[in-house]
A.B. asks: 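Please find one structure pasted underneath; my questions will follow.
Numbers restart at 1 for each chain; the letters A, B, ... are given by sequence-line order, proteins then strands.
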Amino acid sequence: MNIVVLVKQVPDTWAERKLSDSDKTLDRASVDVVMNEIDEYAVEEALKVKEASGDDSTVTILTMGPERAVETIRKALSMGADKAVHLTDEALHGSCALQTSYALAKVLETLHYDLVICGSESTDARLSIMAPLLAERLGRPQLSGARKLTVGDGTARIERQTENGYDVVEAALPAIVSVVEKINEPRYPSFKGIMAAKKKPLTTLTLADAGIEADRVGLASATSSVESFSNRPPRQSGQIVKDEGDGGSRVADFLASQKFL
Amino acid sequence: MAEVLVLVDHLDGVPKKVTYELLTKARDLGEPSAIFLGAPGQSAAALEGLARYGAEKVYVAESEDITGYLTAPKAEIVAGLIAAKSPVAVLFPSSAEGKEVAARVAVRTGSGLLTDAVDLAADGTATQSIFGGAVEVRSRVSTGTNLVTLRPNSTPPVEQSGAAAVEQLTVELSDSAKGAWIVESVVEGKGGRPDLGDASVVVSGGRGVGAADGFALIEGLADSLGAAVGASRAATDAGWYPHQHQVGQTGRTVSPQLYVAVGISGAIQHRAGMQTSKTIVAINKDPEAPIFELADFGLVGDLFTVVPALTEEIIKRRG
Ligand SMILES: Cc1cc2nc3c(=O)[nH]c(=O)nc-3n(C[C@H](O)[C@H](O)[C@H](O)COP(=O)(O)OP(=O)(O)OC[C@H]3O[C@@H](n4cnc5c(N)ncnc54)[C@H](O)[C@@H]3O)c2cc1C
Ligand SMILES: Nc1ncnc2c1ncn2[C@@H]1O[C@H](COP(=O)(O)O)[C@@H](O)[C@H]1O
């Protein structure tokens with residue numbers, strides 16, 4: 001079983017994030033970065049599938065992002081993934097989700113995979129459409145939003161939250177899966193894992209290496225463009241009152257003042 | 001006039017409020033046509049509402065295959081319509097499924113896509129709220145057909161009668177659209193209240209509610225306000241309330257007129273699903289709880305005394 005996990009490096013959500021004035025893209029240089037939180041669950045799930053299906057299985061990390069994304073790749077390797085592919089090129093800067101999925105799909109086409117696992121959503125872009133984008137591009141089934149995954153007999157089966165319950169969905173492998181945080185509890189890298197990660201194979205690809213046409217990615221040919229943006233004034237801090245036995249009616253007064261009653 | 005397609009979001013045929021919001025917005029861009037995709041017979045329940053909100057045409061595709069496979073059949077049909085009708089724009093609800101269908105349509109038609117818009121101008125420019133509401137971005141699609149997913153509650157639905165002339169589509173799906181089949185659809189009860197995505201008021205409970213029983217208080221408050229019930233992950237993980245009520249990064253994203261957070265600390269993943277709510281009220285016994293940073297009105301107190309009193313007060317004032 002060959003599993004590829006898509007891992008993205010994102011700005012720490014606790015840090016202040018901003019758009020750069022020059023080209024209206026996320027200012028990634030000025031902030032602390034971490035592994036997109038849900039991608040840790042994706043890595044964990046891949047490791048579990050590998051452990052359940054035997055030793056000849058491999059888990060490959062695939063990341064598209066700037067040079068410093070190597071830190072995030074190392075973390076995924078230290079959790080137990082076997083190897084990694086890092087697509088990095090100046091020309092990728094400012095790529096929109098559609099272009100990103102194009103580039104990732106191009107790399108995926110060169111890898112042998114039975115399963116691709118990604119997170120349900122990144123904390124910066126928050127698009128949560130990578131699984132359907134890749135499924136459409138690669139012509140593979142989409143199993144998105146998994147809170148449970150079972151793999152066996154050449155198929156994958158997931159449980160997926162719906163708006164009034166959940167669906168059980170099945171597909172033949174190879175398939176594209178995205179996971180939500182309910183699926184597992186990610187492990188922490190062990191000291192041994194951290195040491196081992198340094199020696200694990202990491203392939204770095206440029207656009208040319210991956211056979212990606214430079215005019216298909218990057219800000220200049222993005223499929224949508226930012227016309228303008230405005231930083232909203234921070235939310236006015238509201239009125240905070242302590243309950244003195246009249247808490248219920250104080251809240252009701254506020255609701256009435258806002259015409260909710 | 002240029003045609004604007006709107007993907008109908010419905011439950012067993014009955015359109016959700018967001019569908020009417022999309023039709024209302026679509027009129028600013030051109031002449032709205034609705035796309036109804038569902039199981040055989042379902043569209044009957046939709047036509048009257050679609051006519052009332054200005055749909056001039058309704059493209060209807062009904063088949064067990066549409067509901068039997070995940071997302072791809074819908075995308076294939078919408079992409080086919082785009083090729084046949086050359087609309088100026090296609091509007092989708094910003095639900096998990098709406099976004100997934102839109103994503104696949106974007107790839108199929110070589111179009112750009114803007115998701116989670118909170119507003120859409122007559123010239124097709126979409127406004128998105130990012131980084132936890134700190135930045136508002138106005139963008140436009142520059143390639144192919146203008147595809148936009150619009151958040152529920154972005155605009156008040158306005159009635160305007162339309163012809164709602166039905167055009168039946170034949171459903172012939174490719175094999176690749178049948179890649180992921182739905183084995184079972186489980187409905188987890190807690191019906192009877194407004195849908196979280198559509199509701200203009202949401203009352204949510206968190207770990208502070210203490211137990212499944214405690215959610216009776218949350219439901220009571222919700223009912224007094226005609227609200228939907230939400231929950232934090234701590235509450236859904238504990239099994240106190242069904243998972244589909246989880247609000248947050250990996251749950252539902254809501255932006256109601258009023259959001260009441262009860263016994264919820266306000267973790268960043270929870271905020272991600274509710275911070276674009278217009279008015280936020282928090283009830284929490286810890287004055288340091290981060291939810292108070294977002295709240296327009298915060299009450300520091302014990303929910304077990306405040307919520308019953310508040311519910312009673314609301315019922316009294318509403319008469
Ligand atoms: C990848 C990932 C995704 C996640 N996605 C989500 C998500 O979608 N949605 C989500 O909600 N969380 C999500 N979380 C979890 C999130 O980080 C928090 O753990 C969770 O939101 C906490 O829920 P809570 O506020 O109910 O509980 P707590 O943080 O424990 O807060 C409980 C609050 O109740 C108050 N309280 C206790 N007793 C009373 C009382 N008697 N009266 C009044 N107040 C009282 C306390 O003061 C406290 O502030 C996610 C986490 C991860 C890692
Ligand atoms: N640049 C990237 N490199 C690798 N994986 C990515 C990248 N962007 C998105 N992903 C994957 O897609 C998921 C959803 O991200 P998004 O579509 O940005 O919300 C993430 O959790 C990752 O698994």
A.B. asks: Check whether S249(A) gets within reach of chain B through its side chain, its backbone, both or neither, counting any heavy atom under 4.5 Å.
C.D. replies: both
A.B. asks: Could you check whether any side-chain heavy atom of Q258(A) comes within less than 4.5 Å of a side-chain heavy atom of Q257(B), counting everything from C-beta outward?
C.D. replies: no
A.B. asks: In terms of heavy-atom pairs under 4.5 Å, which option from A103(B), G251(B), A309(B) contacts chain A the most?
C.D. replies: A103(B)
A.B. asks: Over all heavy atoms of both residues, which pair between G179(B) and A171(A) is shortest? Give the atoms and the distance, please.
C.D. replies: O-CB, 3.3 Å
A.B. asks: So for A126(B), is it side chain, backbone, both, or neither that comes closer than 4.5 Å to the heavy atoms of chain A?
C.D. replies: neither
A.B. asks: Chain A heavy atoms under 4.5 Å from V281(B): which part of the residue, side chain, backbone, both or neither?
C.D. replies: side chain
A.B. asks: With a 4.5 angstrom heavy-atom cut-off, which part of L225(B) approaches chain A: side chain, backbone, both or neither?
C.D. replies: side chain
A.B. asks: Evaluate I130(B) against F229(A) for side chain to side chain contact (heavy atoms under 4.5 Å, CB included), listing each step before the verdict.
C.D. replies: CA-CA 10 Å; I130(B) 61 167; F229(A) 70 89; over 6 Å; no
A.B. asks: Applying a heavy-atom distance below 4.5 Å, give me the residues of residues 143-153 of chain A that approach chain B, sorted by number.
C.D. replies: L143(A), S144(A), R147(A)
A.B. asks: Once you round to the nearest 0.5 Å, how far does CD of E184(B) lie from CZ of R157(A)?
C.D. replies: 8.0 Å
A.B. asks: Can you say whether Q161(A) sits under 4.5 Å from chain B via the side chain, the backbone, both, or neither, judging by heavy atoms?
C.D. replies: side chain
A.B. asks: Heavy-atom distance under 4.5 Å between the side chains of N164(A) and L11(B), does that happen here?
C.D. replies: yes
A.B. asks: How long is the span from the CG atom in L70(B) to the CD1 atom in I158(A), to the nearest 0.5 Å?
C.D. replies: 6.5 Å
A.B. asks: Show your reasoning for whether side chain to side chain contact (heavy atoms under 4.5 Å, CB included) applies to V105(B) and E136(A).
C.D. replies: CA-CA 9 Å; V105(B) 170; E136(A) 189 68 51; over 6 Å; no
A.B. asks: Would you say that V183(B) contacts V169(A) through its side chain, given a criterion of any heavy-atom pair below 4.5 Å between the two side chains?
C.D. replies: no
A.B. asks: Quick test of your reading of the model: are E227(A) and R140(B) salt-bridged, counting only N-O distances below 4.0 Å?
C.D. replies: yes
A.B. asks: Going by an N to O cut-off under 4.0 Å, is there a salt bridge joining R160(A) and E100(B)?
C.D. replies: yes
A.B. asks: What distance do L261(A) atom CG and R318(B) atom CZ have between them, rounded to the nearest 0.5 Å?
C.D. replies: 6.0 Å
A.B. asks: At their closest point, which heavy atom of A252(A) faces which heavy atom of L310(B), and how far apart are they?
C.D. replies: N-CD1, 3.6 Å
A.B. asks: I want to check something: taking the side chain as every heavy atom from C-beta on, are V186(B) and T162(A) in contact at a cut-off of under 4.5 Å?
C.D. replies: no
A.B. asks: Looking at every non-hydrogen atom in both residues, tell me the closest pair between I129(A) and K99(B) and how far apart they are.
C.D. replies: CG2-O, 3.5 Å
A.B. asks: Among S101(A), S224(A), A175(A), P141(A), which residue forms the greatest number of heavy-atom pairs with chain B at distances under 4.5 Å?
C.D. replies: S224(A)
A.B. asks: Under 6.0 Å from the NZ atom of K278(B), do we count more than 12 heavy atoms belonging to anything else shown?
C.D. replies: yes
A.B. asks: Measure distances from L98(A) to the heavy atoms of chain B and classify the residue's part below 4.5 Å as side chain, backbone, both or neither.
C.D. replies: side chain
A.B. asks: With side-chain hydrogen bond (donor to acceptor under 3.5 Å, both in side chains) as the criterion, how do T250(B) and K182(A) come out once you've worked through the C-alpha distance, each side chain's angles and the decisive distance to 0.1 Å?
C.D. replies: CA-CA 9 Å; T250(B) 49; K182(A) 302 237 182 266; 5.9 Å; no
A.B. asks: Working note: E163(A) + R252(B), criterion side chain to side chain contact (heavy atoms under 4.5 Å, CB included); need CA distance, chi angles, decisive distance, verdict.
C.D. replies: CA-CA 8 Å; E163(A) 296 187 353; R252(B) 301 285 292 275; 3.5 Å; yes
A.B. asks: Report which part of L114(B) has an atom under 4.5 Å of a heavy atom belonging to chain A: side chain, backbone, both, or neither.
C.D. replies: side chain
A.B. asks: Answer whether the closest heavy-atom distance between the side chains of I240(A) and V300(B) falls below 4.5 Å.
C.D. replies: yes
A.B. asks: Decide yes or no for L299(B) and Q239(A): does some side-chain heavy atom of the first lie under 4.5 Å from some side-chain heavy atom of the second?
C.D. replies: no
A.B. asks: Is the shortest side-chain heavy-atom distance between L255(A) and I314(B) below 4.5 Å?
C.D. replies: yes
A.B. asks: Considering non-hydrogen atoms only, spot the tightest contact between S185(B) and D167(A) and give its length.
C.D. replies: OG-OD1, 2.6 Å
A.B. asks: Specify the closest pair of heavy atoms between S230(A) and R138(B), including all atoms of both residues, with the distance to one decimal.
C.D. replies: OG-NH2, 3.5 Å
A.B. asks: Does S228(A) reach the main-chain N or O of V137(B) with its side chain, forming a donor-acceptor pair under 3.5 Å?
C.D. replies: no
A.B. asks: How long is the straight-line distance from CD of E159(A) back to NE2 of H243(B), given to the nearest 0.5 Å?
C.D. replies: 10.0 Å
A.B. asks: Between T279(B) and F254(A), is the side chain to side chain contact (heavy atoms under 4.5 Å, CB included) condition met? List the steps.
C.D. replies: CA-CA 11 Å; T279(B) 300; F254(A) 173 77; 3.8 Å; yes
A.B. asks: Taking the side chain as C-beta and beyond, is there a heavy-atom pair between Y102(A) and V107(B) under 4.5 Å?
C.D. replies: no
A.B. asks: So, Q269(B) versus E37(A): side-chain donor-acceptor pair below 3.5 Å or not?
C.D. replies: yes
